[in-house]
Amino acid sequence: QLTLNAGTGTFRFDGAGSDTGDYTVNSGSTLVFNANHTLGATSEVNGAGTVLFNAGVVNVNGTYPIMTTGATTITNGTAVFNTGSPVVFATPLTMTAGSLQGGDAVTTNDFAWSGGTISGSGALTLNGTTTISGSVVVSQRPMLNAGTVNMTGSGRLHLNDSMTFT
């Protein structure tokens, strides 16, 4: 088990790997993925800090309770959620590039989306306010808008590969 305490900074995965560990990311701390990584089925990422998918492909196969208490940001990496349960971001999700993939259904509650692609087989449900401020893509996933979508600046939503939007 790794615990990142408030104010202590950042723990970075800069090399490829896999594990089944538990990560507690406390407020003020950041867990950064900069390379390919697989979090096994018994792994857990929790806490009130931030998880940053910055580079590489990260397979999240274990539980991800930080989605309800902390922040998740996808900047250039690929986050693949195959936990076997719906992924419900109770806190705002930020995506500036990269991709969010996998078989899990994904629900956002406030979403700042300025770039990148969301694809996979699980449904994408947008709750709260989604702000699209760049060119973004949804591919394959059925998409349900249950909140408000604001298109700002150069915001463009591309719907690809026979996906549905309701």
Side-chain angles (χ1 to χ4, degrees), residues 12-18 25 30-41 43-45 50-166:
R12 297 168 47 125
F13 285 102
D14 287 334
S18 64
V25 185
T30 304
L31 177 62
V32 179
F33 291 98
N34 280 325
N36 294 343
H37 199 86
T38 297
L39 296 168
S43 66
E44 179 178 279
V45 180
T50 299
V51 176
L52 174 61
F53 296 93
N54 191 52
V57 176
V58 180
N59 293 289
V60 181
N61 299 316
T63 59
Y64 194 76
I66 198 166
M67 67 187 164
T68 63
T69 56
T72 299
T73 300
I74 302 170
T75 56
N76 283 309
T78 299
V80 182
F81 287 95
N82 286 312
T83 68
S85 298
V87 177
V88 180
F89 291 96
T91 56
L93 172 65
T94 301
M95 189 168 173
T96 60
S99 64
L100 189 154
Q101 301 175 5
D104 293 344
V106 174
T107 300
T108 64
N109 288 290
D110 294 338
F111 184 15
W113 195 8
S114 60
T117 299
I118 296 178
S119 63
S121 58
L124 171 63
T125 302
L126 305 175
N127 287 334
T129 301
T130 298
T131 302
I132 298 174
S133 59
S135 182
V136 301
V137 177
V138 178
S139 180
Q140 302 162 335
R141 285 182 187 266
M143 183 172 159
L144 169 66
N145 178 32
T148 301
V149 175
N150 294 321
M151 306 288 281
T152 64
S154 63
R156 288 179 287 158
L157 174 61
H158 302 271
L159 309 175
N160 294 344
D161 297 323
S162 302
M163 62 78 58
T164 58
F165 181 73
T166 54

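Quantities reported herein were computed from a predicted structural model and do not represent experimental measurements.
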Undergrad: Rounded to the nearest 0.5 Å, how far apart are CD1 of Ile118 and CG of Leu124?
TA: 5.0 Å
Undergrad: Are side-chain heavy atoms of Asn127 and Thr107 found at a separation under 4.5 Å?
TA: yes
Undergrad: How many angstroms lie between atom CG of Asn34 and atom CZ of Arg12, to the nearest 0.5 angstrom?
TA: 4.5 Å
Undergrad: Name the residue from Asn54, Val51, Asp14, Thr75 that meets the side-chain contact (heavy atoms from CB on, under 4.5 Å) definition with Val32.
TA: Asn54
Undergrad: Could you please spell out the steps behind the side-chain contact (heavy atoms from CB on, under 4.5 Å) verdict for Ile66 and Val25?
TA: CA-CA 8 Å; Ile66 198 166; Val25 185; 3.9 Å; yes
Undergrad: Roughly how far, to the nearest 0.5 Å, is the CG atom of Leu93 from the CG atom of Leu100?
TA: 6.5 Å
Undergrad: What residues form a ring-ring contact (aromatic ring centres under 6.0 Å, His included) with Phe33, not counting sequence neighbours?
TA: Phe13, His37, Phe53
Undergrad: Show the nearest heavy-atom pair for residues Gln140 and Ser119, with the distance to one decimal.
TA: OE1-CB, 3.8 Å
Undergrad: Rounded at 0.5 Å granularity, tell me how far OG1 in Thr73 sits from CG in Leu52.
TA: 6.0 Å
Undergrad: Looking at Gly102, is its backbone amide N or carbonyl O close enough to the side chain of Arg141 to form a donor-acceptor pair, meaning the two atoms are under 3.5 Å apart?
TA: yes
Undergrad: Do any N or O atoms from the side chain of Thr83 and from the backbone of Ser85 form a donor-acceptor pair under 3.5 angstrom?
TA: yes
Undergrad: Scan residues 63-72 for pairs that pass side-chain hydrogen bond (donor to acceptor under 3.5 Å, both in side chains), counting only residues two or more places apart or in two chains.
TA: Glu44-Thr63, Tyr64-Thr72
Undergrad: What's the verdict on side chain to side chain donor-acceptor pair (under 3.5 Å) for Thr78 and Ser99, showing C-alpha distance, side-chain angles and the deciding distance?
TA: CA-CA 5 Å; Thr78 299; Ser99 64; 3.0 Å; yes
Undergrad: Taking all heavy atoms of Ser114 and all of Ser133, pick out the closest pair and write down the distance.
TA: CB-OG, 3.3 Å
Undergrad: Check whether any side-chain heavy atom of His158 sits under 4.5 Å from a side-chain heavy atom of Ser135, and report yes or no.
TA: yes
Undergrad: Is the closest side-chain heavy-atom distance between Thr94 and Phe111 below 4.5 Å?
TA: no
Undergrad: Could you tell me whether the side chain of Gln101 and the main chain of Gly120 form a donor-acceptor pair under 3.5 Å?
TA: no
Undergrad: Please confirm whether the backbone N or O of Val87 pairs with a side-chain atom of Asp104, one donor and one acceptor, at under 3.5 Å?
TA: no
Undergrad: Checking Leu157 now: which residues fulfil side chain to side chain contact (heavy atoms under 4.5 Å, CB included) with it, not counting sequence neighbours?
TA: Trp113, Ile132, Val136, Val138, Met143, Met151, Leu159
Undergrad: Between Ala35 and Gly15, which heavy-atom pair has the shortest distance, and what is it?
TA: CB-C, 3.5 Å
Undergrad: Examine the side chains of Asn82 and Asn61 and answer whether a donor and an acceptor come within less than 3.5 Å of each other.
TA: no
Undergrad: Return yes if some donor-acceptor pair links the side-chain N/O of Asn59 with the main-chain N/O of Val80 below 3.5 Å, else return no.
TA: no
Undergrad: Would a 4.5 Å heavy-atom cut-off, applied to side chains only, mark Thr148 and Thr130 as touching?
TA: no
Undergrad: Can you tell me how far the CG atom of Asn109 sits from the CE atom of Met67, to the nearest 0.5 Å?
TA: 11.0 Å
Undergrad: What's the separation between atom OG in Ser18 and atom CG in Asn36, rounded to the nearest 0.5 Å?
TA: 11.0 Å
